[in-house]
Amino acid sequence: MIIKFHGVRGSTPSPGPATIRYGGNTSCVHILLGNGKHIVLDAGTGLRLLGHELARIDDPVYLLLSHGHWDHIQGYPYFAPIYQPEREINVFTSGPSGQRLLCSLFDQMDGSHFPVKADELPSRGECIFENTESILKSHNISITRKALNHPGSGTAYLIDDDGIRCAYITDNELEPPYRVHTTYDEWVEFCSGVDVLIHDAQYTEDDMPHKHGWGHSLISQVRQLAIDAEVGSLVMYHHDPDRSDGELDEIARENEIHFSGRRAPARSWCAREGMVIQLSRRVAGGDTVFEIR
Ligand SMILES: [Zn+2]
Ligand SMILES: [Zn+2]
C-alpha cells in the first residue's frame with residue numbers, strides 16, 4: 001500500500017508563506033493498493049495535482065467521498081481524468097445523505113459556478129451511494145465504513161489491503177455536543193490496531209469552547225484515540241487553515257514527547273502535501289515495513 005497526501009488542509013485552501021511547507025490544498029489522499037487499484041479519498045483542491053499523475057495512466061479511479069463540504073469537492077472540476085474520453089471514474093459515497101452529497105459534487109459543474117457542465121463530460125463516471133462495500137468488493141477493494149460525527153453527516157473508511165489497514169477519518173468530532181453517530185468506544189474498535197490512522201486534528205484547546213460542535217476533533221483527543229486503539233502510526237490531518245508551518249512543527253514535536261515510551265503509536269506525523277507512506281510486508285503475516293518519503 002502506498003499512501004500519498006495531495007491536500008491536507010481543512011475548511012478552505014490556505015496558500016501563503018506561513019503554510020508553504022505543509023501545504024495549503026484541501027483534503028485529498030491517493031492510495032495505491034498492492035493489486036494496482038487506485039483509491040482517491042476526497043476531492044478537495046489537492047485533487048488537481050493528483051489528476052495530472054492519474055491522467056498518465058488509464059486504470060479506473062475509485063473516488064471515495066467522506067462528505068460534500070467545499071473542502072472535499074472543489075478539486076473535482078479540475079481533475080484531468082474527468083475530461084478523458086471513456087475514462088472510468090467510480091464515485092462512491094454512502095448513507096442517507098449519499099444522493100445529496102453526489103449532487104454537491106456535480107451541481108458545482110452547472111455552467112454557473114463552473115463553465116463545463118457535469119453532463120457534458122466525456123469520461124465514464126458512475127456514482128454509487130448504496131451497497132458501497134459489496135460493489136467495491138466485486139472490484140477487489142475491501143473497505144468498511146463508519147458514520148462521522150459531523151454537521152450534515154459523512155463517512156469514514158477503513159481500507160484493508162491484504163491485511164495492511166489504513167483508517168481515513170476526517171471531519172469527525174470525537175466527543176460532540178450533538179447526537180453521536182459513532183461513540184468514542186466504537187471509534188477505538190473501528191481503528192483498533194490499524195497500520196495507519198489518518199484523523200482530523202483541526203483544533204487545539206485554544207479553539208474551545210467556541211468551536212465545540214463544529215465537527216472536528218481536538219489534537220489531544222486524537223492522540224488519546226491513537227493510544228487507546230493501539231494504532232501502528234498516526235497521521236494528523238485536516239489542519240486548520242490558520243495553523244502555520246511553525247505551529248504544525250510544534251504539534252509534531254509534542255506528539256513525539258507524548259508518545260515516547262508508549263507501545264503505540266510507534267510513529268506519528270502532521271500530514272504534509274507530497275508526503276508518501278509506503279507499507280509492505282516483509283513476509284506474509286510478518287511485520288509491516290514502513291518507508292516514508
Ligand atoms: Zn473538511
Ligand atoms: Zn466538513
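Indexing begins at 1, ligand by ligand and atom by atom, following the structure's order.
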- prompt: Is it the case that one hydrophobic cluster holds both Val235 and Val194, taking links as side-chain heavy atoms less than 4.5 Å apart, direct or via other members?
  reply: no
query: When the ring planes of His72 and His67 are compared, do they come out parallel, tilted or perpendicular, using 30° and 60° as the limits?
result: tilted
Pair Arg253 + Glu256, salt bridge at N-O below 4.0 Å: no
message: Is it true that, when you exclude Glu189 itself, more than 12 heavy atoms of the residues, nucleotides or ligands shown sit nearer than 6.0 Å to its CD?
response: no
query: What angle, in degrees and rounded to 10°, do you get at the Zn ion (ligand 2) when you join it to NE2 of His150 and to NE2 of His67?
result: 100°
query: With a cut-off of 2.8 Å, does any N, O or S atom of His69 fall short of it relative to the Zn ion (ligand 1)?
result: no
query: Is there an N/O/S atom in His72 at a distance below 2.8 Å from the Zn ion (ligand 1)?
result: yes
message: Ring-plane angle category for Tyr78 and Phe114, please: parallel below 30°, perpendicular beyond 60°, tilted otherwise.
response: perpendicular
message: For the Zn ion (ligand 1), give me the closest N/O/S atom belonging to Asp171, just the atom name.
response: OD2
- prompt: Taking just the N, O or S atoms of Asp71, which one is nearest to the Zn ion (ligand 1)?
  reply: OD2
